[in-house]
Amino acid sequence: MTDNKQTHFKKLKDIEKKNKLYVFARSKVNFTIWEKSRQPKETFKPDHFYSDSDKLVLHPVDSSELVDKEVLYSFNLNGLTFFGVGKLIFDNNNYILVCHKDLYKSERRQSYRLLTYPHMNVFTSLNINKKEVETSNVVSLKTKLSETGIFKNFLSMIGDDANDSSLNKFRVLDISVTGMGIMLGNLEKELLENFEEVENITIFFENEIIKIPAAQICYIMDSKETDLYSYKAGINFKGIDINLDNKLGMLINRSLRDSDKEFEDFVN
């Protein structure tokens with residue numbers, strides 16, 4: 001696949017492939033099968049999967065034009081999309097998809113960032129310890145002057161009845177599985193530019209809540225995306241395990257369009 005593609009197809013190990021097909025077969029969810037570069041696509045429903053022979057038995061259908069042809073297939077499982085190459089056969093009055101070739105999980109390239117502002121409601125809360133800020137008497141790296149007064153103004157904005165951590169929500173401009181861009185006002189900018197890392201980040205992604213263990217603040221720059229915020233901060237996630245990576249990928253993949261053509265190009 002060329003570098004200008006937005007979708008990356010990750011080949012699964014054989015044991016992962018068998019597991020995904022087994023779980024998918026139990027889901028009884030419709031999926032599509034088609035011949036490369038040809039229409040129309042046909043819709044089937046899985047019945048059960050034989051892992052020893054990589055055969056996916058399908059629910060009965062009236063007929064198919066794809067019998068004895070090499071086909072492409074795709075299905076969705078837990079919010080992720082999987083693609084494979086196989087052969088459709090008719091045996092013992094059953095349509096069977098022989099999944100003898102590799103199975104791939106589609107995912108956006110790490111460089112791809114989903115634009116969330118202004119059409120999506122995505123916010124983040126950065127866990128900044130108030131006591132640490134109050135006692136640090138941080139000196140600005142740019143002005144070499146104490147910014148304790150600025151921080152106290154920021155803390156007063158949080159409120160005396162707040163917990164030890166900032167409860168402010170920052171608007172997320174864009175997000176990927178590796179990081180996000182957030183929009184800042186003047187006070188937030190003055191605070192964050194003195195921290196290299198933050199911990200216990202919460203992301204409010206539409207109706208979902210995601211907890212990120214830690215993140216690095218990579219840059220703060222003038223923002224040209226909107227007149228409502230003066231600055232943008234670039235943040236890289238740290239401590240992301242496979243489950244968290246999958247959850248982020250699942251949420252971002254909801255914005256994806258049909259990737260079938262990209263898979264056709266990939267297997268060319």
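These numbers were taken from a predicted model, which means no experiment stands behind them.
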Original post:
Please walk me through it: do Lys105 and Glu16 pass side-chain contact (heavy atoms from CB on, under 4.5 Å)?
Top reply: CA-CA 10 Å; Lys105 178 178 72 172; Glu16 294 175 322; over 6 Å; no
**OP:** Could you walk me through whether Phe75 and Val29 pass side-chain contact (heavy atoms from CB on, under 4.5 Å), step by step?
**Re:** CA-CA 8 Å; Phe75 60 88; Val29 175; over 6 Å; no
Subject >> salt bridge (Lys or Arg N to Asp or Glu O under 4.0 Å) evaluation trace for Lys69 with Glu35 >> reply: CA-CA 8 Å; Lys69 294 180 179 179; Glu35 190 177 5; 3.6 Å; yes
**OP:** Start with the C-alpha distance between Leu56 and Asp47, add both sets of side-chain angles, then the distance that settles side-chain contact (heavy atoms from CB on, under 4.5 Å), and finish with yes or no.
**Re:** CA-CA 7 Å; Leu56 184 66; Asp47 187 82; over 6 Å; no
Original post:
Between Lys10 and Asp102, is a salt bridge (Lys or Arg N to Asp or Glu O under 4.0 Å) present by the stated rule, with each step listed?
Top reply: CA-CA 10 Å; Lys10 179 181 179 181; Asp102 294 324; over 6 Å; no
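Contact record, Pro46 with Ala25: CB-CA, 3.7 Å, taken as the closest heavy-atom pair. Residues Ile209 and Lys247 come closest through the heavy atom pair O-NZ, 3.1 Å. Shown here for Leu103 and Leu21, the closest heavy-atom pair between the two residues is CD2-CG, 4.3 Å. When all heavy atoms are compared, the tightest approach of Phe24 to Ser27 is O-OG, 2.5 Å. Contact detail for Pro118 and Arg171: the closest heavy-atom pair is O-NH2, 3.5 Å. The two residues Ile175 and Ile203 come nearest to each other via the heavy atoms CD1-CD1, 4.1 Å.
No chain of hydrophobic side-chain contacts below 4.5 Å, direct or via other Ile, Leu, Val, Met, Phe, Trp or Tyr residues, connects Tyr73 to Val98. A continuous path of ILVMFWY side-chain contacts below 4.5 Å connects Phe90 to Phe49, so both sit in one hydrophobic cluster. Note on Leu244: it clusters hydrophobically with Phe237, by side-chain heavy-atom contacts below 4.5 Å among ILVMFWY residues. Val122 and Leu114 end up in the same hydrophobic cluster when Ile, Leu, Val, Met, Phe, Trp and Tyr side chains are linked at under 4.5 Å. Linking Ile, Leu, Val, Met, Phe, Trp and Tyr whenever their side-chain heavy atoms come within less than 4.5 Å leaves Phe204 and Leu115 in two separate clusters.
For the pair Met180 and Thr124, the minimum side-chain heavy-atom distance is below 4.5 Å. Side-chain contact between Lys41 and Leu72 is absent, with no heavy atoms from C-beta onward closer than 4.5 Å. Proximity of Leu184 to Phe170: side-chain heavy atoms (C-beta onward) are separated by under 4.5 Å at one or more points. Two residues are said to be in side-chain contact when any heavy atoms from C-beta on lie closer than 4.5 Å; Glu199 and Ile212 fail this criterion. A heavy-atom distance below 4.5 Å is found between the side chains of Lys232 and Leu173. With a 4.5 Å cut-off on side-chain heavy atoms, Ile89 and Lys87 count as touching. Between Ile33 and Leu58 the shortest side-chain heavy-atom distance falls below 4.5 Å. Within the 4.5 Å cutoff, the side chain of Ser37 has heavy atoms near those of the Glu264 side chain.
Shown here is Lys11, whose NZ atom has no more than 12 heavy atoms of other residues, nucleotides or ligands within 6.0 Å. In Tyr231, the OH atom is crowded: over 12 heavy atoms of neighbouring residues, nucleotides or ligands sit closer than 6.0 Å.
Between the side chain of Thr116 and the backbone N or O of Val172 there is at least one donor-acceptor pair closer than 3.5 Å. Formation of a donor-acceptor pair under 3.5 Å by the Asp241 side chain with backbone atoms of Asn243 is found in this model.
Atom-to-atom distance recorded for Leu192:CG and Ile235:CD1 is 7.0 Å, nearest 0.5 angstrom. Note that CG of Asp174 is 11.5 Å distant from CE of Met120, once rounded to the nearest 0.5 Å. Note: Phe31 CZ to Thr81 OG1 = 14.0 Å, rounded to the nearest 0.5 Å. One distance of note links SG of Cys218 with CD of Glu196; it measures 10.0 Å at 0.5 Å rounding. Here the straight-line distance linking atom OG of Ser106 with atom CZ of Phe83 works out to 5.0 Å at 0.5 Å rounding. Taking CZ from Phe123 and CE from Met183, the interatomic distance works out to 8.0 Å, rounded to the nearest 0.5 Å.
Judged purely by distance below 3.5 Å, without hydrogens or angles, the side chains of Thr43 and Thr32 never pair a donor atom with an acceptor atom.
Annotation: salt bridge (Lys or Arg N to Asp or Glu O under 4.0 Å) contacts involving residues 49-64, sequence neighbours excluded, comprise Lys17-Asp54, Lys18-Asp54.
The residue from Leu248, Asn121, Leu251 that alone fulfils the side-chain contact (heavy atoms from CB on, under 4.5 Å) condition with Phe205 is Leu251. No option in Ile182, Ile210, Leu126 other than Leu126 meets the side-chain contact (heavy atoms from CB on, under 4.5 Å) test with Ile201.
Note on Glu70 versus Lys101: salt bridge recorded, some NZ/NE/NH1/NH2 to OD/OE distance being below 4.0 Å.
Judged as a side chain to side chain donor-acceptor pair (under 3.5 Å), and not counting sequence neighbours, Lys20 has no contacts. For Ser64, the side chain to side chain contact (heavy atoms under 4.5 Å, CB included) partners two or more places apart in sequence, or in a different chain, are Glu42, Phe44, Leu66, Val67, Leu88, Tyr95. When the side chain to side chain donor-acceptor pair (under 3.5 Å) test is applied to Tyr50, the partners found at least two apart in sequence or on another chain are His48. Listed by chain and number, the residues in a side chain to side chain donor-acceptor pair (under 3.5 Å) with Lys13 amount to none (sequence neighbours excluded).
Between Tyr104 and Phe9, the two ring planes are perpendicular [angle over 60°; tilted spans 30° to 60°].
By the 4.5 Å side-chain criterion applied to Ile, Leu, Val, Met, Phe, Trp and Tyr, Tyr219 is assigned to a cluster that also includes Met221.
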